[in-house]
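The figures here come from the full heavy-atom set of this structure, side chains too, leaving out hydrogens, waters and symmetry mates. Residue numbers count from 1 along this sequence. A quick note: this is a predicted structure, and the numbers were derived from the prediction, not measured.
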Amino acid sequence: MMAIYRTIWETIHHSKEDPPAGFMLNNLQTRTSINLDTNPPFAPIPPESIIDVEALIPLLEEKQIPVLKENSVLKEEDVIIHCTRFLHRFSMPYDECREIGQFLAKSFPFAKNLQKLANFIIGSMSLYPKWKAIQLRIEGDLLLFEETRQIGLETVTKNYLDELVVASLVNEPDLNAVYFATGVQEERYNEIVQQLNEQFPHVTFLRKTDILKDFFPFQQEFESLCLEQQALIDWLVCIGASSFVGAYGSSFAYLAGYMRHYRGFPESATQLLMAQHTTWDTWFPRV
């Protein structure tokens with residue numbers, strides 16, 4: 001999502017210049033496995049799989065921005081700027097940061113089927129008097145990072161549970177439930193929840209598959225989705241939860257916090273812990 005948001009941001013910025021800019025939907029991909037241990041590790045997906053394109057087009061056209069599909073015919077003189085999550089400019093005015101942040105957080109349309117499933121999960125979790133969403137970022141793909149390989153995945157997992165999950169629960173004796181945003185494999189997930197149940201017996205721990213399994217049409221729809229779509233459902237739940245905790249160093253968690261900031265959630269309702277750098281604040285500032 002950071003790459004998509006960056007593309008929209010730069011398009012809106014350049015649309016005020018001469019010649020104006022258009023927005024091209026191009027090169028969206030999904031993982032082919034949670035741990036990135038399959039070949040190929042990524043596969044292309046259509047923009048419609050995560051974006052409500054028909055709703056996005058008029059929103060951008062209101063800003064005098066044409067939307068192009070990947071196979072659109074371009075002129076020789078047209079310049080294509082390839083956007084990733086990285087900055088394209090050394091500095092961005094705060095007013096521009098705030099304007100774009102509010103537009104993305106309040107207006108960007110996600111695919112209706114994914115938003116529907118996320119809303120269903122949020123509604124189900126809201127049956128608990130007090131609950132929060134927590135990112136459980138301990139999947140095996142962390143071994144792709146040199147730091148994780150040096151200290152080991154088990155140590156990284158223990159540190160994450162102690163410094164983020166447990167730290168966010170110890171001072172909330174009235175908490176009823178936790179929604180875990182995670183793709184961690186079944187056996188490992190069950191081991192972790194068993195440990196947490198021993199420490200917090202009054203808390204119910206759930207994830208998306210736990211909630212959807214009792215509603216066959218939703219479960220069937222969910223299982224037909226690619227991993228990127230499934231992760232986006234988690235992300236939308238984290239954005240909409242009354243309280244959210246995630247790892248600052250994770251782009252997933254930071255961007256959820258970014259969206260929550262511009263949707264008007266109180267600062268106390270979003271905790272980004274285990275900060276390791278200030279990159280995200282520079283690339284997507286919350287002002």
- Query: So, Ser33 side chain and Leu36 main chain: donor-acceptor pair closer than 3.5 Å or not?
  - Reply: yes

- Message: Within this structure, what is the OG1-CD1 distance for the pair Thr182 and Ile138, rounded to the nearest 0.5 Å?
- Response: 5.5 Å

- Message: Just to verify, which of Phe86, Tyr5, Tyr258 counts as forming a ring pair (Phe, Tyr, Trp, His ring centres under 6.0 Å) with Phe284?
- Response: Tyr258

- Message: Quick check: do Glu96 and Ile12 have side-chain heavy atoms less than 4.5 Å from each other?
- Response: no

- Give the minimum heavy-atom separation between Phe252 and Gln135, together with the two atoms involved. CD2-NE2, 3.7 Å

- Item | Contact summary for Gln230 and Lys208, nearest pair of heavy atoms | O-CE, 3.8 Å

- Does Ser107 use its side chain to pair, donor to acceptor, with the backbone of Leu104 at less than 3.5 Å? no

- Test side chain to side chain contact (heavy atoms under 4.5 Å, CB included) applied to Val184 and Ile34, step by step: CA-CA 8 Å; Val184 70; Ile34 291 293; over 6 Å; no

- Same cluster or not: are Phe265 and Met1 linked, directly or through other Ile, Leu, Val, Met, Phe, Trp or Tyr residues, by side-chain heavy atoms under 4.5 angstrom apart? no

- Message: Please report the interatomic distance CZ(Phe180) to CG(Asp234), rounded to the nearest 0.5 Å.
- Response: 11.5 Å

- Task: Please examine the side chains of Met274 and Arg137, heavy atoms only from C-beta on, and report whether any two atoms are closer than 4.5 Å.
- Result: no

- Side chains of Met92 and His13 in contact at under 4.5 Å (non-hydrogen atoms): no

- Query: Do Leu225 and Leu117 come within less than 4.5 Å of each other through their side chains, counting heavy atoms only?
  - Reply: yes

- Query: Do Val287 and Asp95 come within less than 4.5 Å of each other through their side chains, counting heavy atoms only?
  - Reply: no

- What's the shortest heavy-atom distance between Phe244 and Ala253, and which atoms? CE2-O, 3.7 Å

- Nearest non-hydrogen partners of Ile122 and Ser126, listed with the distance: O-OG, 2.7 Å

- Hey, quick one: are Ile134 and Tyr254 part of the same hydrophobic cluster, counting side-chain heavy atoms closer than 4.5 Å, chains of contacts allowed? no

- Message: Angle between ring planes, Phe110 versus Phe108, binned at 30° and 60°: parallel, tilted or perpendicular?
- Response: perpendicular

- Flag the pair Ile239 / Arg263 as yes when at least one side-chain heavy-atom distance between them is below 4.5 Å, and no otherwise. yes

- Message: Is it true that Gln199 and Gln195 share a donor-acceptor pair across their side chains at a distance under 3.5 Å?
- Response: no

- Query: Would the number of heavy atoms belonging to other residues, nucleotides or ligands and lying under 6.0 Å from NZ of Lys130 be above 12?
  - Reply: yes

- Task: Mind checking the CG-CH2 spacing from Leu114 to Trp235? Nearest 0.5 Å is all I need.
- Result: 11.5 Å

- Query: Are Lys63 and Phe103 in a cation-pi contact, defined as NZ or CZ under 6.0 Å from the six-membered ring centre and within 45° of the axis?
  - Reply: yes

- Item | Steps toward side chain to side chain contact (heavy atoms under 4.5 Å, CB included) verdict (Tyr262, Arg98) | CA-CA 8 Å; Tyr262 286 110; Arg98 188 178 298 108; 4.2 Å; yes

- So, does His202 use its side chain to make a donor-acceptor pair with the main chain of Asp174 at under 3.5 Å? no

- Message: Strictly distance-based, threshold 3.5 Å: is any side-chain N or O of Thr148 a donor or acceptor partner for the main-chain N or O of Leu142?
- Response: yes

- Message: With a 6.0 Å cut-off (strictly less than), is the heavy-atom count around CD of Gln194, excluding the residue itself, greater than 12?
- Response: no

- First locate atom CZ of Arg286, then atom CE of Met259, and finally report the distance between them rounded to the nearest 0.5 Å. 13.5 Å

- If you look at every heavy atom in Val193 and Phe205, which pair is closest and at what distance? CG1-CB, 4.1 Å

- Quick one: do the Ser49 and Glu228 side chains pair a donor with an acceptor below 3.5 Å? no

- Message: Using the rule that Ile, Leu, Val, Met, Phe, Trp and Tyr join whenever any side-chain heavy atoms are under 4.5 Å apart, tell me whether Ile211 and Leu127 fall into a single cluster.
- Response: no

- Can you tell me if CD on Gln29 sees more than 12 non-hydrogen neighbours from other groups inside 6.0 Å? yes

- Task: With rounding to the nearest 0.5 Å, note down the distance linking CD1 in Ile151 to CG in Asn159.
- Result: 6.0 Å

- Do NZ/NE/NH1/NH2 and the carboxylate oxygens of Lys213 and Glu223 come within less than 4.0 Å? no

- Thr270 and Arg260: side-chain donor and acceptor closer than 3.5 Å? yes

- Item | Check: Phe222 and Gln219 side chains under 4.5 Å, non-hydrogen atoms | no

- Do Val170 and Val203 belong together in a cluster built from hydrophobic side chains that touch within less than 4.5 Å? yes

- Report the C-alpha separation of Val178 and Val165 in whole Å, then their side-chain angles, then the decisive distance to 0.1 Å, and conclude whether the side chain to side chain contact (heavy atoms under 4.5 Å, CB included) test is met. CA-CA 10 Å; Val178 164; Val165 178; over 6 Å; no

- Reported OH-to-CG distance for the pair Tyr179 and Asp210, which is rounded to 0.5 angstrom: 9.0 Å

- Query: Okay, side chain of Gln115, backbone of Asn113: is any donor-acceptor separation there less than 3.5 Å?
  - Reply: no

- Is there side-chain contact between Phe200 and Leu175, with at least one heavy-atom pair below 4.5 Å? no

- Query: Same hydrophobic cluster for Ile50 and Phe218, using side-chain heavy-atom links shorter than 4.5 Å among ILVMFWY?
  - Reply: yes

- Message: Working note: Leu206 + Trp131, criterion side chain to side chain contact (heavy atoms under 4.5 Å, CB included); need CA distance, chi angles, decisive distance, verdict.
- Response: CA-CA 10 Å; Leu206 298 163; Trp131 69 281; over 6 Å; no

- Nearest non-hydrogen partners of Ala269 and Ser242, listed with the distance: CB-O, 3.4 Å

- Message: Has Arg149 got a side-chain atom pairing as donor or acceptor with Leu144's backbone, closer than 3.5 angstrom?
- Response: yes

- Item | Backbone N/O of Ala177 and side chain of Thr204: donor-acceptor pair under 3.5 Å | no

- Query: With no hydrogens and no angle check, is any side-chain donor or acceptor of Arg85 less than 3.5 Å from a backbone partner on Trp283?
  - Reply: no

- Query: Is the distance between the ring centroids of Phe215 and Phe120 under 6.0 Å?
  - Reply: yes

- Task: Look at Arg188 together with Glu139 and state whether they make a salt bridge at an N to O cut-off of under 4.0 Å.
- Result: no

